[in-house]
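By convention here, the first residue in the shown sequence is residue 1.
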Amino acid sequence: MKFPKTPSFSLSGQRALVAGASSGIGLAAAVALAEHGAEVTLAARRADRLDEIVAQMRANGWSAHALRLDISDVKATADAVDQNGPFDIMVNSAGLARHSKAVDTAVDDFDAVMDLNVKGAYFLTQAVARGLIAVGKPGSLINISSQMGHVGGLDRAVYCASKFAVEGFSKAMSLEFAAHKIRVNTICPTFVLTDLTRPTFADPEKRAWILNKIKLGRAGELEDLMGAVIYLASQASNLVTGTSLMVDGGWTAD
């Protein structure tokens with residue numbers, strides 16, 4: 001009897017670009033990819049922080065490079081991807097949140113969030129896809145979205161709008177790029193404990209709201225996202241495209 005063979009989760013020989021890699025989910029994604037054998041380029045605005053991270057990753061025996069990049073600068077992003085690519089894997093974790101009641105939304109805050117979360121994400125994904133298409137290679141493009149790309153949230157009208165947009169363009173791109181064997185998916189985390197979210201969790205009312213909505217009864221940890229990244233980046237998900245992988249503890253199941 002011939003048994004089916006489990007697809008490989010190894011990323012050996014693969015080149016990965018991780019945007020927003022200097023902290024939080026982006027850093028966790030970069031570590032996960034490197035642990036599984038990928039050559040990882042970590043991109044972010046903070047060059048000094050990136051250099052420190054890359055040095056530590058190399059000390060662990062991983063292949064890592066630093067790339068100073070602000071993805072809201074579309075031309076600079078396209079040039080950087082062209083000069084340093086092609087990349088077999090992209091994980092875009094660069095993002096911004098400026099929360100307020102919808103009636104109080106400032107135009108500057110709206111523009112800043114959309115420039116990074118939507119325009120930056122869109123054209124980064126485009127640039128990586130163009131590089132792969134030019135050399136005829138398949139690839140896996142992953143945008144870190146949010147559960148808030150599927151539901152509404154208190155004081156989060158702008159953020160929700162940006163993540164709904166990421167969900168939309170990722171699905172549309174998946175249809176277009178499928179002919180080139182390039183997959184496009186999103187990962188949608190719930191509230192994850194990071195330095196940026198600690199003030200939210202420090203507010204008893206907000207913490208209670210969050211934990212009441214997460215059916216598994218706890219906030220997300222960075223480690224909860226790492227397996228999702230490896231799955232979507234690897235051969236294990238070769239038939240998965242145009243989908244949203246919810247890592248939300250059951251928030252959106254209700």
message = Please check this pair: side chain of Asn185 against backbone of Val240, looking for a donor-acceptor N/O pair closer than 3.5 Å.
response =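 A pair under 3.5 Å: yes.
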
request  = Determine yes or no for a side-chain-to-main-chain donor-acceptor pair under 3.5 angstrom, with Asp104 supplying the side chain and Ser100 the backbone.
outcome  =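 Flag not set: sc Asp104 to bb Ser100 has no pair under 3.5 Å.
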
Considering only heavy atoms from C-beta outward, does the side chain of [X] approach that of [Y] to under 4.5 Å?
X	Y	result
Val192	Thr197	no
His36	Gln14	no
Arg46	Ser23	yes
Phe177	Gln126	no
Lys163	Asn117	yes
Trp62	Arg58	no
Lys137	His180	no
Leu11	Ser234	yes

message = Using the rule given for salt bridge (Lys or Arg N to Asp or Glu O under 4.0 Å), can you reason through Asp224 versus Arg218, listing the C-alpha separation, both sets of side-chain angles and the distance that settles it, and then say yes or no?
response = CA-CA 11 Å; Asp224 294 318; Arg218 69 169 177 86; 2.9 Å; yes

Have [X] and [Y] got a donor and an acceptor in their side chains that come within less than 3.5 Å?
X	Y	value
Asp70	Ser72	yes
Ser244	Thr186	yes
Gln147	Thr252	no

For atom [atom1] of [X], is the number of surrounding heavy atoms from other residues, nucleotides or ligands below 6.0 Å larger than 12?
X	atom1	result
Arg45	CZ	no
Tyr122	OH	no
Phe169	CZ	yes
Lys206	NZ	no
Arg130	CZ	no

ask   = Are Phe87 and Met57 connected, step by step, through hydrophobic side chains (Ile, Leu, Val, Met, Phe, Trp, Tyr) whose heavy atoms are closer than 4.5 Å?
value =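 Each belongs to a different hydrophobic cluster.
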
inquiry  = Please verify the inter-ring angle class for Tyr231 with Phe9; under 30° counts as parallel, over 60° as perpendicular, anything in between as tilted.
reply    =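 The arrangement is tilted - the two ring planes meet at 30° to 60°.
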
inquiry  = Tell me if the aromatic rings of His99 and Tyr159 count as close, with their centers under 6.0 Å from one another.
reply    =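 That pair passes the under 6.0 Å test.
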
inquiry  = Regarding Asp254 and Lys213, does a basic nitrogen lie under 4.0 Å from an acidic carboxylate oxygen?
reply    =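 No.
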
How long is the span from the [atom1] atom in [X] to the [atom2] atom in [Y], to the nearest 0.5 Å?
X	Y	atom1	atom2	result
Ile25	Ser93	CD1	OG	5.0 Å
Ile214	Trp251	CD1	CH2	6.0 Å
Met148	Thr190	CE	OG1	7.0 Å
Ile71	Asn92	CD1	CG	4.0 Å
Leu17	Leu69	CG	CG	7.5 Å

For [X] and [Y], work out which heavy atoms get closest and say how close.
X	Y	result
Ala219	Leu193	CB-CG, 4.0 Å
Ala44	Leu50	N-CD1, 3.5 Å
Gly24	Leu222	C-CD2, 3.5 Å
Pro7	Ala236	CB-CA, 3.7 Å
His150	Cys188	NE2-SG, 3.5 Å

ask   = salt bridge (Lys or Arg N to Asp or Glu O under 4.0 Å) between Lys101 and Asp155: does it pass, once the steps are laid out?
value = CA-CA 5 Å; Lys101 296 186 182 302; Asp155 300 335; 3.7 Å; yes

message = Both conditions, 6.0 Å and 45 degrees, for the charged tip of Arg207 above the ring of Phe201: are they met here?
response =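 Geometry flag: not set, cation outside 6.0 Å or 45°.
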
key: Step-by-step side chain to side chain donor-acceptor pair (under 3.5 Å) determination, Ser174 to Arg183   = CA-CA 6 Å; Ser174 75; Arg183 300 182 293 111; over 6 Å; no

query = With respect to Met90, which candidate in Val128, Leu132, Val184 satisfies the side-chain contact (heavy atoms from CB on, under 4.5 Å) definition?
reply =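 Among Val128, Leu132, Val184, the one meeting side-chain contact (heavy atoms from CB on, under 4.5 Å) with Met90 is Val128.
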
